[in-house]
Colleague: 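Shown below is the structure under consideration.
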Amino acid sequence: MPISTLKSYLLIFLLFLTSIAQAQKGDFLLSHYSLDVDGLDNLNFELKVNDDGQLCIANRSGVLLYEGNNWEFKATPSAALSIDFDSLGHIFVGCAGDFGKFGFLDGKYQFISLNPNKTDESLYFKTIVRDSVAFFISETNVIRYHLGQQKSFITYLDDPDEYFTYLFEADGEIMVQTNKKIYRYHEDQLVDDLDWKLPENAQFLFFDKHPTRDQYVAGTTDNKVYIYRKKNFYECKMSKFLTEHESFVNNGVWVDDNHFALSTLEDGIILYSNRHSKIVDVINHDKGLPDNEIYTIGRDHEGGLWISHEFGLSRLEIGVPFRSFTNYHGLEGNLKDIYWFSGHLYVSTSKGVFYLEKSLNYKNTVYYVPVKGGKATATTASVSKKQKKAQRSRGVKKGPTSGGNTKGTTTKYERRVKKHLVSSGYEFIKVDGIEAKCEKFIRYKKKLLVASSNGLYEIKKEYNKVEKEFEHLAELVVHEPIRFTFIDNHEGRLVIANHYNEIKLYNHEDEIWVQEDQIDFHGEMVLSALHQHNGITWFATPSHLYRYDSLSSTYHDFREYKYHNQFIDEVRIAAIDNQLYLINSIGYFYLDGAKDTILEDTTLMQKIGRPIKHLQEHGGKVWVNNGEAWYQINRNKSVIKREIFGLFPDMSFITNYRDNIWLIDDSHELLKYYPSQDDSLIWRNHMYLREAKSNKGDVNINVKGPIAFEHDENSFYFEMARPDYRGLLQIEYQYKLSGLNENWSEWSTNNHISFNYLPPNKYKLDIRSRDHFGQIQELKTVKFTIKPPYWQTLWFYGLQILFMTGLVIGSVIMNRQAQQKYVIVTEGLTILTIVMVIEFLQTVAGGTLGIESTPVIDFMIDVVIALCVFPLEQFLKKLMKVSRQGPGLNGMAFLDLFKFSKPEAQKAKA
């Protein structure tokens, strides 16, 4: 064989290996959200995340807020077009015909207009808040609103043909772009002194700052992308791609330190690596995006890209080492198992078996060549203008045209079509011959088998000489309703447990599977099995574990061990630390050889917790989820907490192939994990008070000093939040209200706190959160005071004392000057005075004690107080009834006045 031919074959082989090694990387993870607010559509104009990590959206109907769990809608007087925040988190919004901020007005958190012009019809399409100044721009004016002075300053253009097109910040300066030039905004003036080396005819569409460095990504209306740094612009290689694909870009943002993303009007999202100067991926409908037309994009603090489109919102995650394979076309049904065989990825589903194959997309190019030999005949050809243009650009000789001097003869041309490779990709193709629910793959020597509800199929790859391509076919080799199956390595037999609770053994003879034997379990359901390399086979039923040293119907020396599985839970049998383990949802159990019994492993239970979910790789390694995280149990009994796999709490399958982990999430998504040195996830979001209310309306807690409430505003509601868009943090909250209870509450996932009928006092509310990784965040202490009612204030007590002192003095005077005819009035005034004094003392005593109890205890306390003031009552009586002359009414009670005096005894006559 010639050396050149050998080199060609070697090159083709290397290219094939490269395609196998580099292919099938999968797609970035996408999560999809729908706006859960009645009456709102999905037309969003701007997406931004505030310092706490809360997603804020300028929507056609108002402003939407989202922290990962609940949507909150805030109305604006017209469509919200742009949005930004100050350092305190206040939201500023540019609207259609208005601009303003959200704040507290009339006891309600609402939009507050800052526009003095009530007839304004401008569209404020960009808002920037910097330091103590908020900027709003429309086509006709730029508004600078000073937050401290609460004043607006308007800047207009002198040229009537000039209008504003963009507002952005660069190098600490506010830049204003018009249809003619770019100005620097300085002291309410547009200064034309920019010394940048601008691209030719530059009209910027976006200008976004790098998260950590002083550089920007900028895009222009002529579909070019630049990196701006120190007054210089450097064009990216992406510009060529945009030109070739005629993509119309409308926005661009940095996603992380390395990548920025562009949104397009019809091509989805283009992700670009600035470090490697290349396009990483184009995320469109073929990659799982619901629509290719993108309204706007924005980034969050967790390395996620938010994408707004016609069907809602999507979040692109590029910072995690997982890729999705589900977006490749052709895959159908619920996914069950995956297996690599003969260079192909096979997937079993509820609708059959599929394999991943490379697909090539071609386009046909028509061209014409002159025909050699033969009699020349006059021919005509119809070529469109677009084809002629394409031919000229490729340097192809044109076909015949009419007109001109042909000297009586013309050249004959022949129409030909050439295929050009446009793009390549991958798609899933169904294996012919299987129409059943398929479960587990098994490799038997050089054969790939798959178990299904209909039986066992063999997957074959054969060359079709007619089509000149390989075909994947399936042949039913064992007709049994299979529950599970495995290969007996010692005997080379196939062991099948069917749904009739039978264990059948098959031999492979002359390309035919022949049943050799059958083991009877007397109707007991066999849940799972483990065949070890030493030839020992273990079977687990709902109540027993069986050991077979030899798989045969004549073998009767099997051992059985009783264990608990009353709920007939799925059982995993694994060899861990040279012991046999059974794992189900109840716990971890091992076979103690010395005691010849099955015992519970409390050590694993303490390390991991109850195995709510448990999976097993093809090689036997066990994975356990305790409801919070996934743990990997190795063969030496070491336990590894796989925190990053908490992204998929519902995964139903996991296996390892060539140091890459493949998993199936909730039976619908096929994912590949790429181990990397940096598997740690980023969380920069903060806990914040999402809402604070009293029984009289919204409460503004962002004020200096304690907040004071009247006595009847004494019921409060607080709602906390901490953005968690991945759903991994499992946030818990704890609080303490000093002034009511000095102890912290128990940790709880409930993010609401309610206090009902707080008594007058000074309070301090402390709130903290704890995530799944043990990180604790604390809110700034909320201090507030509930003022007592006026009748419990010192000045009112003073008035009462003065009034009662006057009554006492008046009662004393009237008692001393009373005549018999004023006795009733005097006695009434005296009793009224004594009752009011006692009532006042009881009120003061009760308020001072501040005891919260039942009405019965309150009554007993009042009785005790009354007994305590009884001596004072007697003293007041004596004081007020002392007469000036004679005994008067001294000592006479009020009822004594109504008693009839007894007749005097007659003296005896002497």
Side-chain angles (χ1 to χ4, degrees), residues 46-49 51 82 84 126-131 133 135 137 164-186 190-243 247-264 269-282 296-301 303-305 316 318-319 678 682 684:
E46 190 167 17
L47 303 173
K48 280 193 175 181
V49 173
D51 292 340
S82 57
D84 205 4
K126 188 65 179 178
T127 299
I128 294 179
V129 181
R130 178 190 172 200
D131 299 330
V133 178
F135 293 90
I137 189 171
F164 296 112
T165 60
Y166 193 49
L167 177 74
F168 61 98
E169 185 178 3
D171 297 333
E173 298 278 355
I174 297 296
M175 304 296 176
V176 181
Q177 177 179 271
T178 71
N179 60 323
K180 294 185 177 180
K181 60 179 64 177
I182 298 176
Y183 299 92
R184 183 172 62 90
Y185 190 95
H186 181 68
L190 300 180
V191 182
D192 186 11
D193 63 351
L194 205 61
D195 58 349
W196 290 357
K197 296 179 180 179
L198 287 169
E200 187 178 358
N201 301 321
Q203 276 288 308
F204 292 113
L205 286 171
F206 59 87
F207 212 97
D208 191 62
K209 188 179 185 304
H210 191 277
T212 58
R213 295 192 291 268
D214 289 331
Q215 69 180 37
Y216 302 76
V217 59
T220 57
T221 54
D222 56 355
N223 275 349
K224 292 185 178 180
V225 182
Y226 301 88
I227 297 296
Y228 167 77
R229 186 170 55 247
K230 296 180 180 179
K231 301 181 181 181
N232 293 301
F233 288 85
Y234 306 92
E235 187 172 355
C236 298
K237 293 181 179 179
M238 180 184 281
S239 298
K240 182 180 179 181
F241 175 87
L242 297 175
T243 302
S247 297
F248 294 98
V249 176
N250 59 1
N251 201 359
V253 297
W254 289 97
V255 183
D256 55 24
D257 287 349
N258 180 31
H259 302 88
F260 64 80
L262 303 183
S263 62
T264 68
I269 298 293
I270 304 173
L271 186 65
Y272 187 82
S273 172
N274 188 51
R275 179 182 302 171
H276 300 99
S277 298
K278 68 175 184 178
I279 294 175
V280 176
D281 203 355
V282 178
T296 185
I297 56 176
R299 66 172 177 268
D300 60 32
H301 299 331
L305 178 71
L316 178 69
I318 69 170
D678 186 17
I682 301 172
R684 295 179 184 145

Colleague: Return yes when atom CZ of R275 has more than 12 non-hydrogen atoms of other residues, nucleotides or ligands closer than 6.0 Å, and no otherwise.
Modeller: no

Colleague: Any side-chain to backbone donor/acceptor pair from N251 onto F206? Under 3.5 Å, distance only.
Modeller: no

Colleague: Do V282 and F241 have side-chain heavy atoms sitting under 4.5 Å apart?
Modeller: yes

Colleague: Between D214 and K209, does at least one N-O distance fall below 4.0 Å, as a salt bridge requires?
Modeller: yes

Colleague: Strictly distance-based, threshold 3.5 Å: is any side-chain N or O of D208 a donor or acceptor partner for the main-chain N or O of G252?
Modeller: no

Colleague: Give the intermediate values and the outcome of side chain to side chain contact (heavy atoms under 4.5 Å, CB included) for residues N201 and D222.
Modeller: CA-CA 9 Å; N201 301 321; D222 56 355; 5.8 Å; no

Colleague: Do side-chain atoms of E235 reach the backbone of I227 as a donor and acceptor pair under 3.5 angstrom?
Modeller: no

Colleague: Any chance the rings of Y216 and F204 have centres within less than 6.0 Å?
Modeller: no

Colleague: Determine whether more than 12 heavy atoms belonging to other residues, nucleotides or ligands lie under 6.0 Å from atom CZ of R684.
Modeller: no

Colleague: For the pair N274 (side chain) and S277 (backbone), establish whether a donor and an acceptor sit closer than 3.5 Å, ignoring hydrogens and angles.
Modeller: no

Colleague: Is the shortest side-chain heavy-atom distance between K278 and K237 below 4.5 Å?
Modeller: no

Colleague: Going by the angle between their ring planes, with limits at 30° and 60°, are W196 and Y228 parallel, tilted or perpendicular?
Modeller: tilted

Colleague: Step through it carefully: locate the ring centre of F135, locate the ring centre of Y185, and say whether they are under 6.0 Å apart.
Modeller: yes

